[in-house]
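Here the structure comes first, spelled out in structure tokens, and everything after it is commentary.
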Amino acid sequence: MSKQPLNHIRNFSIIAHIDHGKSTLADRLLEITGTIDKRAMKDQMMDTMELERERGITIKANATRLQFKARDGKTYQMNFIDTPGHVDFAYEVSRSLAACEGALLVVDAAQGVEAQTLANVYTALDANLEILPVLNKIDLPAAEPDRVKKQIEDLIGLSADDAVMCSAKTGVGVAEILEQIVLKIPPPQGDPTAPAKALLVDAWYDNYLGVVVLVRVLDGTLQRGSKVKLMNADRTYVLDRVGVLHPQEATRFRAVEALHAGEVGVFTAAMKEVADAQVGDTIADFTAASQGLITPLPGFKTVPPMVFCGLYPTEGDDYEKLKDSLAKLRLNDTSFTYVQEHSPALGHGFRCGFLGLLHMDIIQTRLEREYNLDLVTTAPNVVYQARLLDGTIVDIEKPADLPEPHAISELLEPFIKATILVPEEYLGAVITLCQDKRGQQLGMQWHGTRAMLTYRLPLNEIVLDFNDRLKSLTRGYASFDYQPDGFDGGDLVKVNILINAEPVDAFTMVVHRSFAETRGRALISKMKELIPRQLFEVALQAAIGGKIIARESVKPVRKDVTAKCYGGDISRKRKLLDKQKEGKKRLKSMGRVDIPQEAFLAALKLND
């Protein structure tokens with residue numbers, strides 16, 4: 001493959017909300033440019049996972065190279081990077097967009113601008129990308145291009161006068177999109193003669209090729225035998241293969257002689273683990289990096305997990321299978337973490353950390369489908385921070401690890417900045433929901449018949465059921481997106497659940513003081529129904545420190561010891577009852593209560 005001049009290269013991505021036609025448009029681009037043979041064409045060519053195809057979302061970044069002959073008679077190389085769109089993968093999106101010079105903003109001409117679209121457009125604007133608005137699905141009877149153009153101008157501030165009208169399904173207008181990419185998206189900048197320097201966009205494990213690394217070359221050339229250094233990881237490798245991704249190849253890998261400045265491609269380099277290739281790292285020529293001639297690219301960071309939960313096999317025999325499955329999944333997804341833990345009722349399992357709720361759902365679904373596991377998932381919780389009396393701040397990954405109140409000067413919880421787009425008829429219900437979740441309204445803007453609400457909300461209130469309740473209240477018409485907004489102090493308390501005065505760690509929760517009694521009482525009321533009666537009374541208590549805020553009792557199973565008395569003095573019956581009472585007391589002191597799984601699952605459904 002011959003070297004392409006920089007001014008004949010275009011690197012772009014597509015920004016779109018779920019179900020606005022991003023995958024269909026990608027298919028048409030592949031088809032029109034002749035990248036894929038028509039007989040090999042199928043729907044969602046860029047989506048490699050079954051889950052991506054089923055849900056219509058992109059989970060892992062992907063890329064391919066298109067060759068397009070424009071009206072000016074020149075052939076242009078177009079590197080298309082398909083990025084995830086969900087907020088959970090915001091860092092990966094930012095690095096993928098940093099590898100591009102422009103992006104297509106695809107908006108459904110019937111549905112209009114949605115919350116997720118806004119979040120990713122702002123990321124692209126921060127990276128100084130050229131944004132090309134595209135109105136998709138213009139063939140629908142409900143399409144309103146003029147209204148949606150005005151929305152783009154009002155909500156995002158982009159001029160939509162030159163927006164391309166297209167239908168990715170029928171192919172109308174798709175060729176014009178390619179022409180606009182050539183005309184409006186600037187070519188990449190770079191020095192082809194300088195030492196090699198590249199941005200690491202993504203990495204994954206391939207059964208045949210090993211660890212495959214997706215890069216955007218900024219300067220110089222990467223070729224087989226090149227010795228490179230990963231600057232943030234401080235590791236050195238020699239490249240085995242270089243190539244480009246192609247959807248039609250069995251391994252999606254098509255070898256090339258070299259990757260030059262401005263191009264996007266992949267390489268393998270005998271890496272043992274995907275964790276060695278961190279997204280956003282700088283890949284540099286080894287000699288130049290060793291001499292200090294190359295500085296790392298800005299923007300690199302390690303993204304910590306935001307949401308934690310426990311995963312347990314329903315059958316104890318499946319523990320080793322779950323352990324192996326998690327290890328295999330982590331080969332391709334280093335952003336989730338797991339450590340072993342033990343629960344008194346659920347047995348051996350793992351405490352896992354995820355980037356967000358969608359990420360948690362994806363991992364759990366993949367474990368159940370791809371590895372045929374039946375899992376019990378505990379209630380998700382977030383990372384808190386405790387400021388101790390000596391001023392140090394410690395991260396608290398699970399409520400049971402929280403120090404006693406007298407050792408803490410302040411408890412901090414994570415907050416998010418949420419953007420909610422909602423039709424006017426559902427506005428009151430959504431505002432009430434946000435207020436119930438301790439939200440602080442930052443702004444409200446009207447755009448036609450829809451309101452854009454901006455709220456600051458505690459992440460703890462979001463992780464359980466906020467999105468489900470929002471969709472229920474608005475019949476699915478509201479869209480919701482958020483971004484992390486730091487930590488803030490709050491009047492938070494640790495609620496311990498005691499069973500016969502013994503605390504049970506798995507039920508411990510951190511809640512706002514105003515909700516503590518309500519949630520504590522609700523949980524022990526459910527537990528009272530689910531814990532089987534014993535030969536002795538079982539006391540269920542919710543406590544904050546040493547103060548009991550709620551109590552229920554599971555009555556004992558009693559034998560009628562006075563049944564054999566057919567009369568006589570009351571003292572005879574009293575003697576038998578006192579003897580039974582002493583026996584119950586002795587049983588209670590040495591008895592053990594087995595907590596059924598249903599009681600643990602009840603903690604998940606407190607808001608039902």
Side-chain angles (χ1 to χ4, degrees), residues 86-88 90 113-123 126 154-157 304 306-308 355-358 379-387 393 395-396 399 402 408-447 450-474 477-495 509-519 544 606-607:
H86 197 271
V87 65
D88 286 5
V113 176
E114 301 284 3
Q116 188 177 301
T117 316
L118 287 175
N120 289 332
V121 166
Y122 293 144
T123 305
D126 290 343
D154 291 348
L155 285 169
I156 300 168
M306 292 280 288
V307 176
F308 288 82
L355 296 175
L357 288 175
L358 176 72
N381 65 275
V382 300
V383 180
Y384 296 94
Q385 289 183 343
R387 183 177 281 117
I393 294 178
D395 287 343
I396 309 297
L402 198 66
I408 302 172
S409 65
E410 189 180 20
L411 194 55
L412 309 170
E413 62 178 330
F415 275 76
I416 59 160
K417 186 179 177 184
T419 304
I420 304 168
L421 285 168
V422 57
E424 59 182 341
E425 60 264 36
Y426 306 114
L427 181 63
V430 173
I431 289 176
T432 303
L433 173 64
C434 292
Q435 288 173 344
D436 289 346
K437 297 290 187 180
R438 298 192 284 129
Q440 175 193 352
Q441 188 173 323
L442 302 178
M444 180 169 68
Q445 294 176 313
W446 283 96
H447 302 282
R450 293 201 305 173
M452 184 173 82
L453 294 169
T454 310
Y455 265 87
R456 191 165 190 261
L457 290 150
L459 182 59
N460 183 36
E461 300 291 342
I462 300 300
V463 294
L464 279 176
D465 65 343
F466 181 84
N467 206 30
D468 291 342
R469 287 182 65 186
L470 180 69
K471 294 293 182 188
S472 298
L473 289 171
T474 63
Y477 284 109
S479 62
F480 164 67
D481 201 76
Y482 67 89
Q483 61 193 52
D485 195 31
F487 283 76
D488 247 343
D491 189 10
L492 303 172
V493 291
K494 178 169 83 168
V495 178
M509 53 188 171
V510 175
V511 295
H512 195 266
R513 192 180 295 274
S514 60
F515 300 149
E517 185 175 338
T518 309
R519 293 202 179 171
I544 300 173
L606 279 184
N607 294 316

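Remember, predicted model here, so these are calculated numbers, not experimental data. Residues: numbered from 1 along the sequence shown.
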Heavy atoms, side chains only, cut-off 4.5 Å: are Val383 and Ile396 in contact?
no
In terms of heavy-atom contacts, Leu470 and Phe480 come closest through CD2-CB, 3.5 Å
Closest heavy-atom pair and its distance - Leu411, Ile408:
N-CG2, 4.1 Å
Under the criterion side chain to side chain contact (heavy atoms under 4.5 Å, CB included), I'd like the reasoning laid out for Val495 against Ile544: C-alpha separation, chi angles, the key distance, then a yes or no.
CA-CA 5 Å; Val495 178; Ile544 300 173; 4.3 Å; yes
Would you list the atom pairs, donor with acceptor, under 3.5 Å between side chains in residues 415-430 and any protein atom, with sequence neighbours excluded?
none

In this structure, OG1 of Thr454 is separated from CD of Gln440 (nearest 0.5 Å) by 11.5 Å
So how far is it from Met509 CE to Asn460 CG, rounded to the nearest 0.5 Å?
10.5 Å
Do Glu413 and Val382 make a side-chain contact, defined as non-hydrogen atoms from C-beta onward lying under 4.5 Å apart?
no
With side chains defined as the heavy atoms from C-beta onward, is the minimum distance between Asp481 and Leu118 less than 4.5 Å?
no
Which atoms form the tightest heavy-atom contact between Ala516 and Val493, and what is the distance?
CB-CG2, 3.9 Å
Find the distance between OG1 (Thr432) and CG (Leu473) and round it off to the nearest 0.5 Å.
8.5 Å
If you round to the nearest 0.5 Å, how far is CD of Gln483 from OH of Tyr122?
10.0 Å
Side-chain ion pair, Glu461 and Arg519, N-O less than 4.0 Å
yes
Hey, are the side chains of Leu402 and Val510 touching, using non-hydrogen atoms and a 4.5 Å cut-off?
yes
Minimum heavy-atom distance between Tyr455 and Ile431, given as atom pair plus value
OH-CG2, 3.5 Å
How close do Asp436 and Phe515 get, heavy atom to heavy atom, and via which atoms?
O-CZ, 3.5 Å
Test item: Asn381 and Pro399 side chains (from C-beta on) under 4.5 Å apart, heavy atoms
yes
Quick check against the 3.5 Å criterion: does Lys437 have a side-chain atom that pairs as donor or acceptor with the backbone of Leu457?
no
Do Leu459 and Met306 have side chains that get closer than 4.5 Å, going by heavy atoms?
yes
